[in-house]
Amino acid sequence: QVQLVESGGGLVQAGGSLRLSCAASGRTFNSYHMGWFRQAPGKVRDFVAAITWDGGSTDYAESVKGRFTISRDNAKNAVYLQMNSLNPEDAAVYYCAASTGWRVRTRPLDYNYWGQGAQVADSP
């Protein structure tokens, strides 16, 4: 099993950038596929990005392609989400998640472990 803790959320102006980090504890971190999901108030939890256990393949929601980049550093037990060109539709609570499956997936039910969430909001 793995414990996940997110950081890097906050306020950002439209068009700005933000980098989310997910720190993992657990000896088997490098055996998990990792994903980022987001959930806005009153909405379901949506897929954002995913990366395979070795970082060899990535997948993105159509709404974030070209703007967001997922990456991981297994030596540091960390996964990241670089978010550029942010717009109001990107405001949500972002969750880091880990999957024990052998195939990278895009559904919340396919992930076994979750972080506490990091809020990303538009600045006043």
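This is a predicted model, so every value here is computed, not measured.
Looking at His33, its side chain never comes within 3.5 Å of a backbone N or O of Ala98 through a donor-acceptor pair. Side-chain atoms of Asn112 come within 3.5 Å of backbone N or O of Thr100 as a donor-acceptor pair. Side-chain atoms of Glu6 come within 3.5 Å of backbone atoms of Gln116 as a donor-acceptor pair (strictly under, hydrogens ignored). Judged by distance alone, with hydrogens and angles left aside, the side-chain atoms of Ser99 form a donor-acceptor pair with the main-chain N or O of Asp110 at under 3.5 Å.
Closest non-hydrogen pair, Arg72 versus Asn30, comes out as NH2-CA, 4.2 Å. For the residue pair Arg45 and Pro108, the shortest heavy atom distance occurs at O-CG, 3.8 Å. Contact detail for Ala121 and Ala91: the closest heavy-atom pair is CA-CB, 4.3 Å. Listed here is the closest heavy atom pair of Cys96 and Leu4: O-CD1, 3.6 Å.
The side-chain heavy atoms of Arg105 and Asp59, taken from C-beta on, include no pair separated by under 4.5 Å. Residues Gln82 and Ser17 form a side-chain contact, since some pair of their non-hydrogen atoms from C-beta on lies under 4.5 Å apart. Contact check for Leu81 versus Val48: side-chain heavy atoms found under the 4.5 Å cut-off.
Linking ILVMFWY side-chain heavy atoms closer than 4.5 Å, directly or via other members, places Trp114 and Val2 in two distinct hydrophobic clusters. Both Tyr113 and Met34 belong to a common hydrophobic cluster when Ile, Leu, Val, Met, Phe, Trp and Tyr are linked at side-chain heavy-atom distances under 4.5 angstrom. Using a 4.5 Å cut-off between side-chain heavy atoms of Ile, Leu, Val, Met, Phe, Trp and Tyr, with links allowed through other members, Leu20 and Tyr32 fall into the same hydrophobic cluster. Taking hydrophobic clusters as Ile, Leu, Val, Met, Phe, Trp and Tyr residues chained together by side-chain heavy-atom distances below 4.5 Å, Val64 does not share a cluster with Val104.
Taken to the nearest 0.5 Å, the OG atom of Ser123 stands 4.0 Å off from the CD atom of Gln13.
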Verdict with supporting geometry, Met83 and Val120, side-chain contact (heavy atoms from CB on, under 4.5 Å): CA-CA 10 Å; Met83 304 183 291; Val120 175; 3.9 Å; yes
When the side chains of residues 49-58 are checked against the rest of the protein, which donor-acceptor pairs come out under 3.5 Å, sequence neighbours left out?
| from | atom 1 | to | atom 2 | distance (Å) |
| --- | --- | --- | --- | --- |
| Thr52 | OG1 | Asp54 | OD1 | 2.9 |
| Thr52 | OG1 | Gly56 | N | 3.1 |
| Thr52 | OG1 | Ser57 | N | 3.1 |
| Asp54 | OD1 | Gly56 | N | 3.0 |

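The ring-ring contact (aromatic ring centres under 6.0 Å, His included) contacts involving residues 57-101 comprise nothing, where partners must be two or more places apart or lie in separate chains.
Side-chain rings of Trp36 and Phe47 stay apart, their centers remaining 6.0 Å or farther from each other.
In summary, Arg67 and Asp90 engage in a salt bridge, as defined by a charged side-chain N under 4.0 Å from a carboxylate O.
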